[in-house]
Amino acid sequence: MSTEQPWRQAKGPFAAVFAAPALWLFVFFLVPLAVIWAYSFGRTVGLTDIAIDGTFSNYARIADPVYVQVFVKSLGYAALTTFLCLIVGFPVALAITFAGPKAKVWLLLLIMLPFWTNLLVRTYALMAVLRTEGFINDIIGWVGLGPWPLLHNNFAVVVGLVYVNLPFLVLPLYSALDRLDRSLLEASLDLGAGHVRTIFSVVVPLALPGILSGILITFIPAMGSYLTPDLLGGPDSQMIANVIERQFKRANDWPFGAALSFVLMYLTFAAIAVQAMIARRRKGLEG
Amino acid sequence: MSRSKAAPLDYLARWPLRLWLALVTIFLYAPLLTLVVFSFNDSRRNIVWQGFTLDWYGAVFNDSDLLVAFGNSLTIAALSTLISLVLGALVAVACWRFRFPWKPAFEGALALPIVVPEICMGVAMLVFFSRIMAWPADLPWPFSLGAIVIAHISFSFPFVAVIVRARLASFNRELEEAAKDLGASEWRAFMDVLVPHMKPALIAGALLAFTLSLDDFVITFFTAGPDTVTFPVKVYSMVRFSVTPEVNAASTLLIVVTVVLTAIGLRMQGRDIAKMEGGQ
């Protein structure tokens, strides 16, 4: 695939396809990020003025246990969410992979439709189900238990994160499993391994790169979630995004908010780097 | 008994997996169904079923704020989709066809809007549009949405680029060469040979860009001025401050829009793929 043409050979066509998107990316994405980055080294002076004087005090403030705790909590929620999505989603992906062509289309649609539905609408729908007067508590009530507080607590946040992120994991899992060589699975079954053993010692290792990228795709948005903890959580369920929002809107401390959002971004990049490293190491082992 | 009938890898035929699928379906759809059902409930307090009514839909259609917000959302999504599609297709072609200095760095930067957390992009847009390039406040209607449209394009077009580039990998370059040998200009070759090949990816990209725009709350929440409200932002304030069954009705309408758009998109793509396969 090294048939790429050097840009100098066709400057006109290159400029025609490259200039507009590159300029857009620079002006309307990289510049805003750079400004926030500069702000993270600044101080608020007066109501609206910010002096960018290269101070690290915003980052030093993040070392305060209150904020460290929020970061740890966000990482923990994201990890738990990803784990639960994996447990719930893996059998679903497996079923889609080995379904007939017609059933496959319908199952994919079944998973995709909630994914296409507005996030806010989905979160709101979940609120109606989980509230004390919701039907889950009705069912618990019929059995003679409850009512249990299911909404506005950490439980609700995790349920909500799994609810909105599940399709994010099922789709990459499915595409990873779909690429597997089926004869290897059949060989494993023929040679006497059970289904569970085949899945854990043949399917999972072979599909690991795809599984890992699926985990990453779920983990990143889960860590930066704003709506779910905001609407489903209680006062102690705040995640990083909620703290950042407060710095920008209510507390009006933009430099500190900027520093927080850059730490969140660094964590995101670290997660991507870890995934890339594992993928590369595996490639090294194979090749 | 069914064990002997099912093929070894026919997992879908096994009851534990069927049960699991059923449970996951209930998990995914029960909240949405509850929402739809209760949008017809004749009770202000939204708790027990009191009888069928269409009053909440009437309330939605009389709520001018909500209708304006809905119109804004559709306009933003349409504009953002159009421009994202052009930018995404162009940059996909650029990265697919040309070798240029700093290409890996550029490709990394292009992937940034996909991986940067929404909240970070939201606050970046807030600062950009309030301090660096202030968007004029008193512009007439579609222009007042400009800042939001720009923000939406920024996070949408890299997604379009990913989809189009994947499609371009299957393009036979000799076709383009042949067109040029036969006298087509760069532009004609692009429009008559490359664009038709990209079409399924363009449809998929357009659907994705439209959905991303219509879905976005966080980035819009930070970019929008006090006078420009989109549907998710409006629904958010309704959920936050006045939970009425009207929200159920409005949400149900949005679900219906989603389902209809999905059906149209699938049909278009299905027809396109069928045509391509029939033609080859």
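Reminder, nothing fancy here: chain letters follow the sequence lines and each chain counts from 1. Note that the structure is a prediction, hence the values are computed from the model and not measured.
No part of A/Phe26 comes within reach of chain B, as not one of its non-hydrogen atoms sits under 4.5 angstrom from that chain. With a 4.5 Å cut-off on non-hydrogen atoms, A/Thr268 touches chain B through its side chain but not through its backbone. Of the atoms belonging to B/Ile150, heavy atoms from both backbone and side chain fall under 4.5 Å from chain A. For chain A, the nearby part of B/Leu35 is the side chain; its heavy atoms alone come within less than 4.5 Å. Heavy atoms closer than 4.5 Å to chain A are found in both the backbone and the side chain of B/Phe221. Only the side chain of A/Tyr39 comes within contact range of chain B, with heavy atoms under 4.5 Å apart. Of the atoms belonging to B/Ser251, heavy atoms from both backbone and side chain fall under 4.5 Å from chain A. Of the two parts of A/Ala258, neither the backbone nor the side chain holds a non-hydrogen atom closer than 4.5 Å to a non-hydrogen atom of chain B. Only the side chain of A/Trp254 comes within less than 4.5 Å of a heavy atom of chain B; its backbone N, CA, C and O stay farther away. Looking at B/Leu21, the atoms closer than 4.5 Å to chain A (heavy atoms on both sides) all sit in the side chain, from C-beta outward. Only the side chain of B/Ser130 comes within less than 4.5 Å of a heavy atom of chain A; its backbone N, CA, C and O stay farther away. Looking at B/Val115, the atoms closer than 4.5 Å to chain A (heavy atoms on both sides) sit in the backbone and in the side chain alike. Contact of B/Leu261 with chain A is not made at all, since no heavy-atom distance falls under 4.5 Å. Looking at B/Glu118, there are no atoms closer than 4.5 Å to chain A (heavy atoms on both sides), in backbone or side chain. In this structure, chain A has a heavy atom under 4.5 Å from the side chain of B/Ile132, while its backbone stays farther away. The contact between B/Tyr236 and chain A is made by backbone and side chain atoms together, counting heavy-atom distances below 4.5 Å. At a 4.5 Å heavy-atom cutoff, the contact between B/Val24 and chain A is made by side-chain atoms alone. Heavy atoms of B/Leu33 lying under 4.5 Å from chain A are absent altogether. Neither the backbone nor the side chain of A/Ile240 has a heavy atom closer than 4.5 Å to any heavy atom of chain B.
The aromatic rings of A/Phe14 and B/Phe100 sit tilted, their planes meeting at an angle between 30° and 60°. By the 30° and 60° cut-offs, the orientation of the rings of B/Phe217 relative to A/Tyr226 is parallel.
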### Message
Go through it in stages, so that I can follow the logic: the residues are B/Leu28 and A/Tyr163, the test is side chain to side chain contact (heavy atoms under 4.5 Å, CB included), and I'd like the CA-CA distance, side-chain angles, deciding distance and then a yes or no.
### Response
CA-CA 7 Å; B/Leu28 285 178; A/Tyr163 181 63; 4.3 Å; yes
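Closest non-hydrogen pair, A/Leu126 versus B/Pro31, comes out as CD1-CG, 3.8 Å. Here the closest non-hydrogen pair linking B/Cys95 and A/Glu4 is O-OE2, 4.2 Å. Nearest heavy-atom pair, B/Ala124 versus A/Ile36, reported as atom, atom and distance to 0.1 Å: CA-CG1, 3.4 Å. Taking every heavy atom of both residues into account, A/Thr117 and B/Asp215 meet most closely at O-OD1, 4.0 Å.
Contact residues of residues 102-110 of chain B toward chain A are B/Lys103, B/Phe106, B/Ala109, B/Leu110 (heavy-atom distance under 4.5 Å).
Within the 4.5 Å cutoff, side-chain heavy atoms of A/Phe269 are placed close to those of B/Leu112. For the pair A/Trp24 and B/Val91, the minimum side-chain heavy-atom distance is 4.5 Å or more. The shortest side-chain heavy-atom distance between B/Thr211 and A/Phe115 does not fall under the 4.5 Å cut-off.
Atoms CD1 and CE, from B/Ile119 and A/Met265 in turn, are 11.5 Å apart once rounded to the nearest 0.5 Å. Between the CH2 atom in A/Trp116 and the CD1 atom in B/Ile255 there is a gap of 15.0 Å [rounded to 0.5 Å].
Of the residues considered (A/Met112, A/Glu245, A/Gln247), A/Glu245 shows the highest number of contacts with chain B, using heavy-atom pairs under 4.5 Å.
Considering only residues two or more places apart in sequence or on other chains, B/Arg18 meets the salt bridge (charged side-chain N to carboxylate O under 4.0 Å, His left out) condition with none of them. Checked against side chain to side chain contact (heavy atoms under 4.5 Å, CB included), B/Glu174 has the following partners two or more places apart in sequence or in another chain: B/Asn172.
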Run the side-chain donor-acceptor check on residues 88-111 of chain A: report pairs under 3.5 Å with partners two or more places apart or on a different chain.
unit_1, atom_1, unit_2, atom_2, d
A/Thr97, OG1, A/Ala93, O, 2.6
A/Lys104, NZ, A/Asp178, OD1, 3.4

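Of the possible donor and acceptor atoms, none in the side chain of B/Ser154 sits under 3.5 Å from a partner among the backbone N and O of A/Phe29.
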